[in-house]
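Take a look at the structure set out below.
Proteins get letters first, then strands, A, B, ... in listed order; numbering begins at 1 in each.
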Amino acid sequence: MSQARTAAESSAPVISVSTLTKIYGQGEVKVTALDGVSVEIPRGQMVALMGPSGSGKSTLMQVLGLLDRPTSGSYRLNGQDLSRVSSRTMAELRGRRIAFVFQGIHLLPRLSALHNVELPMVYARVPAAERRQRATDALNRVGVGALVHRMPNQLSGGQAQRVAIARAVAPGPDLLLADEPTGALDRASGREVLGVFQSLNQSMGLTIVMVTHDPVVGRHAERIIEMEDGRFLRDYAVDDGERIWAHQEVSA
Amino acid sequence: MNAFAIALDSIWRHRLRSVLTALGVVIGVFAVVTLTSLGASVRSYVQGQFAHVGATIVTVSPANPGSGANKHPRFAGAPGGAPSTLTVADAQALAAAPHAHIQRVSAVADIPLTLGTSPAASSGVAVSGVQGPFFKIEQIPFLHGRFDGSGVVLGYGAAHTLFPHVANAMGRSVYVGTHAFRVVGILKKGSGIAALQSNREVFLPIGTGLKLAGLSTVAEIVVQANSTQNVNAAATAVTQVMTARHPSKNFSITKESQLLSTVTSTVSTITTFLAGLAAISLLVGGIGIMNIMLVTVTERFREIGIRKAMGARDGDILVQFVAESVLLALLGGAVGVGLSAIASSIVAHLAGFPGGLTVSAVVLALVFSILVGGVFGVLPAMRAARLMPVDALRTE
């Protein structure tokens, strides 16, 4: 599924964006959601994106996830310039090389857990047997291997979000974007789900960008980017979760 | 998990809505298939009838000189247009003419007198004056007796109208005007449209009939050629003999085969016209599908958003929704064909001719409903396919 990469590509940062802007509406009602954001995220990093609501976190995630197009600026994924790609190419990168986990979970209610996980690979035209194998592996990896035939309404919130994570990682993406993945979960389920992200990052070296309001969630990351009014307020690496927690309290 | 599985699932989930949506196509296909199939049945039935009765018949009827009028008086209704100058002597001349292709000749006259079982009663049964060969020409066999010139012959239906409680009316009396006649023959019940008229009639020897009515001319002369191949030669011979006797050409010659082609082409035209009208309802059905598909797309923005976020191309979404509307239309078309099979067999049974659907009409209707589903599904499906995932996901 993930195409063979050249040496240049694998040495390039997974994400490299510069002066990215996104403006909604026109004229009087124009809203600048992203105001010239530039950032590089190297392979294997786990980044927490924080900030108050309306600061542009979700917009940035949607642009990075190819769910929306930026108004201007450049976007490179593994060194490949995506500024002017067709909507077809965008669709083909979505779900395969860039996977998304939503706050609202967004499983298709009419499909079983297994079929939901297979869905991106159906669109990627992965042969059925391989698809089934990878989906089953991914479900096992996130700890819901026993629930493959459950329908979404038969899953708890935490289980459903883990199925959604399996769906995101099964095709073997380069980048996992998670927009407040624990936002709709209780504390215990949220902690479990965060554990899943952490283990995916550590055991598979998966690059993860996660939006969160919750500083407890944020301390699982190795780098924190804080946003406000569509700009980066702070961008710093940390190696001690406790320090971030303290730092956050100071700046609050 | 292909597009058709998704489509079936969606159609099944909204059963009532799907049924109502498909109803337009059901009615359209039903109307088109039923009308064209009935039209084809009527046409082949008419052809079959003519093939065994009328193909060898040439009819001489009165016409205004030089008008070229070619009306067949027995189908054109009342003896209107031209006053007849045809006589029994013309028929005798035709019968006597040394032409091998002319096999049988009979003059036919409408006798404008009442008929009943008593001198005062009138039954409303029509009386015709004919000559002996008439029944062979028209191929109406006798149930009882024969036409021997001494009395009247009753059509099967006329026998039952006049003598409803009598098993065999042979030898009974009927009154034409005030004159009594003995029943000397009863015809078999003929089947088919050609026999409808003779079924209800009473036949008198033409000389007697004309004398009673005070007439000297006949309505028409029917001539039978000795084979289907020689109809044209026989018609030429009839024209020669008649032209010699009527130099002003105040007659017209009609081959029943001409009539056949006129009737069949008329049936075809009417069928096509009606089927065209019915096709408009298919169009309306298509618009109904488009309407509901637009609603479906709006309802399923979230699903579309999820699918697109999971890597569905615009084309994948387009195919999914077009598949749904095509399937909906096709199901409607299939139900319509089923209904029209039932309806046309009922109608055919009641009208007494062979029913059954025309294969070409069924195929055409199904192809047409696929097209309707496709064409009217594309617009809503494009709307779905072109959505930006983020816009689709935003509506919850």
Side-chain angles (χ1 to χ4, degrees), chain A residues 1 22 24 33 58-70 86-112 114-126 128 131-132 135 152 164 167-168 170-171 173 177 179, chain B residues 1-18 293 295-325 327-328 378-379 381-396:
Chain A
M1 157 121 8
K22 178 70 184 179
Y24 293 109
S58 290
T59 304
L60 178 59
M61 294 294 271
Q62 285 157 2
V63 170
L64 293 181
L66 300 174
L67 300 177
D68 207 353
R69 282 181 186 274
S86 66
S87 69
R88 184 188 169 91
T89 309
M90 275 174 74
E92 286 173 350
L93 293 170
R94 268 199 302 265
R96 281 159 242 186
R97 296 183 65 182
I98 304 175
F100 219 104
V101 174
F102 303 90
Q103 178 179 6
I105 302 173
H106 288 339
L107 295 177
L108 286 182
R110 305 280 297 174
L111 301 182
S112 69
L114 182 65
H115 284 136
N116 262 294
V117 176
E118 286 188 37
L119 189 65
M121 296 185 282
V122 170
Y123 287 124
R125 316 284 191 255
V126 176
R131 201 161 75 202
R132 175 86 18 129
R167 176 177 67 177
L177 300 170
D179 193 353
Chain B
M1 266 323 296
N2 56 46
F4 275 95
I6 299 171
L8 264 182
D9 182 61
S10 164
I11 289 170
W12 181 246
R13 216 179 334 152
H14 303 109
R15 286 177 288 274
L16 179 63
R17 181 202 287 183
S18 302
M293 287 308 296
V295 172
T296 301
V297 165
T298 311
E299 277 182 356
R300 286 158 71 183
F301 269 15
R302 199 171 98 98
E303 177 196 331
I304 296 164
I306 295 172
R307 288 182 183 279
K308 295 201 85 167
M310 294 304 133
R313 301 166 191 83
D314 293 5
D316 293 320
I317 302 293
L318 188 78
V319 166
Q320 180 187 330
F321 282 93
V322 171
E324 186 167 328
S325 73
L327 205 60
L328 207 53
V378 161
L379 182 79
M382 294 246 280
R383 223 168 95 91
R386 287 200 179 143
L387 277 174
M388 236 10 226
V390 68
D391 297 323
L393 284 169
R394 197 174 286 138
T395 54
E396 292 202 22

Original post:
Which region of Ile98(A), side chain (C-beta onward) or backbone (N, CA, C, O), has a non-hydrogen atom less than 4.5 Å from a non-hydrogen atom of chain B, or is it both or neither?
Top reply: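 Ile98(A) has no heavy atom closer than 4.5 Å to chain B.
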
Original post:
So which part of Arg69(A) gets closer than 4.5 Å to some heavy atom of chain B, the side chain, the backbone, both or neither?
Top reply: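 For Arg69(A), backbone and side chain are both near chain B.
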
Subject >> Criterion side-chain contact (heavy atoms from CB on, under 4.5 Å) on Leu67(A) and Lys308(B), from CA distance to verdict >> reply: CA-CA 8 Å; Leu67(A) 300 177; Lys308(B) 295 201 85 167; over 6 Å; no

**OP:** Taking all heavy atoms of Arg302(B) and all of Leu107(A), pick out the closest pair and write down the distance.
**Re:**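 Heavy atoms only, the tightest pair is NH2-O, 4.1 Å.
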
Subject >> Minimum heavy-atom distance Ala91(A)-Ala312(B), with the two atoms named >> reply: CB-O, 3.6 Å

Subject >> Among Arg167(A), Arg94(A), His106(A), the one residue meeting side-chain contact (heavy atoms from CB on, under 4.5 Å) with Met310(B) >> reply: Arg167(A)

Original post:
Quick one: CZ on Arg110(A) to CD1 on Ile6(B), what's the gap to the nearest 0.5 Å?
Top reply: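 Spacing of CZ (Arg110(A)) from CD1 (Ile6(B)) equals 11.5 Å.
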
**OP:** Measure from the side-chain N and O atoms of Arg313(B) to the backbone N and O of Tyr123(A), and report whether any donor-acceptor pair falls under 3.5 Å.
**Re:**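 Pair found, side chain donor or acceptor close to backbone of Tyr123(A).
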
**OP:** Check whether more than 12 heavy atoms from other residues, nucleotides or ligands sit under 6.0 Å from atom CZ of Arg386(B), and answer yes or no.
**Re:**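 For Arg386(B), atom CZ is not crowded (no more than 12 foreign heavy atoms under 6.0 Å).
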
Subject >> Check ion pair Asp316(B)-Arg88(A) (N to O, under 4.0 angstrom) >> reply: no

Original post:
Is there a side-chain contact between Phe102(A) and Ile306(B), using heavy atoms and a 4.5 Å cut-off?
Top reply: no

**OP:** Side-chain contact test, heavy atoms from C-beta onward, threshold under 4.5 Å: evaluate it for Pro389(B) versus Asp68(A) and give yes or no.
**Re:** no

